[in-house]
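Since the structure comes first, as structure tokens, the remarks are kept for the end.
Labels below follow one simple rule: chain letters A, B, ... track the order of the sequence lines, proteins then strands, and each chain is numbered from 1.
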Protein chains: 2
Amino acid sequence: MSPGRSYHHGDLRAALIEASFELLAECGLRRFSVAEVARRLGVSSAAPYRHFADRRQLLSAVSTAAARDLRTAIEAAADAAGDDPAARLAASAGAYVRYVARTGAGIQVIYAAELYDVADDARREQTRALMTTMLDLAGAAGARTYPEVVLLVEATIAVAHGYTSLFADGFFARNSIPVDDIAARAVEAAGALISH
Amino acid sequence: MSPGRSYHHGDLRAALIEASFELLAECGLRRFSVAEVARRLGVSSAAPYRHFADRRQLLSAVSTAAARDLRTAIEAAADAAGDDPAARLAASAGAYVRYVARTGAGIQVIYAAELYDVADDARREQTRALMTTMLDLAGAAGARTYPEVVLLVEATIAVAHGYTSLFADGFFARNSIPVDDIAARAVEAAGALISH
DNA sequence: GTCTATACTCCGATAGAC
DNA sequence: GTCTATCGGAGTATAGAC
């Protein structure tokens with residue numbers, strides 16, 4: 001962007017993370033590969049390893065950014081939904097569907113089993129903050145005890161993730177149904193769970 | 001099983017399908033490979049290709065069996081739920097969670113995008129029958145118009161698939177929460193959607 | 001910091017012996 | 001109908017030149 005350095009991107013590290021999002025959105029975690037990310041950026045397959053020790057470290061950085069951005073999107077959606085606590089929590093389901101459809105980085109990436117034992121404090125902090133945001137929304141929405149709060153968060157995530165996953169897998173004839181329609185259905189379904 | 005033939009399994013074809021289920025349950029479609037299935041059966045990596053033209057034909061056969069067995073499980077669960085049409089549809093969500101947790105072959109395998117253009121009449125018939133069963137349950141459960149029926153089926157599958165996917169990805173700390181608990185939550189959530 | 005080149009592993013699939 | 005052997009391709013990761 002700024003400095004016309006010796007070769008491309010003044011910041012390959014950031015470019016790798018950005019391109020990883022695009023690859024995930026197109027192909028899913030299933031066919032994600034460091035080599036393909038490098039190819040898309042026009043750098044050699046060795047270049048990423050100057051910035052990330054291995055594949056998992058790159059994915060961990062993506063997970064960190066995704067947790068941060070998803071949390072921001074959820075908070076914005078909750079605020080846009082107004083003051084009703086149930087509507088605010090339900091709105092998080094819509095934000096999840098839209099964010100993951102756009103970026104390809106949802107729960108499967110953010111909390112990927114593959115990353116379970118990767119030491120990365122930044123990621124820990126962001127995933128924790130994301131969960132805290134959800135727990136706060138659920139707490140405000142009427143769940144009383146902590147276990148109830150957790151169950152409500154899990155149900156909301158499950159319905160949002162379910163719609164997202166079906167959408168990503170082409171179950172909805174992807175071309176014919178806009179993502180905003182799917183997001184609206186997820187909000188409605190989440191609302192039904194919350195008021196139940 | 002029966003004839004003590006020249007080498008192992010009298011029926012490698014059936015054994016391949018069975019072992020594919022086990023591999024899917026353990027590793028998901030993500031790391032499924034024909035070579036690994038062959039390895040587990042103690043046959044060479046070339047052997048499967050005597051019975052299936054390629055990887056997708058094997059997966060298609062798995063999809064066919066999964067659609068048939070899942071439909072049977074759903075019908076049994078609906079019947080076990082009694083006469084209330086809403087309870088019958090909700091029960092299908094529980095059957096889905098249990099079946100996929102056990103076999104690894106859910107919507108992502110049965111309706112895999114990878115198999116979209118594989119010609120396989122048996123598979124077409126079974127996936128169609130599965131969908132018909134779900135549409136019938138939803139129709140009985142109160143959805144009036146055809147689009148409403150479809151929306152209700154999609155919502156039920158989304159919630160069942162969401163819980164299943166989170167469970168498979170280890171989001172629930174797999175060791176500590178039994179699959180039957182997750183299935184019960186899916187039934188409850190589906191019930192909330194249906195009565196909404 | 002990026003490149004070229006390479007080693008290693010795994011998978012899908014085929015050819016030909018038995 | 002299964003085996004051995006093999007090819008081609010893709011991915012992860014490293015070594016060493018520049």
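Ion pairing between B:R56 and B:D117 holds under the 4.0 Å rule for side-chain N and carboxylate O. A salt bridge links A:R55 to A:E114: at least one charged side-chain nitrogen sits closer than 4.0 Å to a carboxylate oxygen.
Closest to the B:Y49 side chain, of the nucleotides C:dG12, D:dA13, D:dG11, is C:dG12. For A:V43, taking side-chain heavy atoms from C-beta onward, the closest of the listed nucleotides C:dC3, C:dA13, D:dC3 is C:dC3. Distances were taken from every side-chain heavy atom of B:A35 (C-beta onward) to each of C:dA15, C:dC11, C:dT4; the shortest belongs to C:dC11. Looking at the side chain of A:S45, the nearest of the listed nucleotides D:dG16, D:dA13, C:dA13 is D:dA13.
Rounding to whole angstrom units, CG of residue A:D54 and P of D:dG11 are separated by 17 Å.
Panel note: side chain A:Y111, backbone B:L166; no donor-acceptor pair is recorded below 3.5 Å.
Phosphate contact (OP1/OP2 of C:dC11, side-chain N/O of B:S33, threshold under 4.0 Å): present. In this model, the phosphate group of D:dA10 is not approached by any side-chain N or O of A:R39 to a distance below 4.0 Å at OP1 or OP2. For A:R55, a side-chain nitrogen or oxygen approaches OP1 or OP2 of D:dT12 to under 4.0 Å.
No cation-pi contact links B:R102 to B:F21, judged by a cut-off of 6.0 Å to the six-membered ring centre and 45° from its axis.
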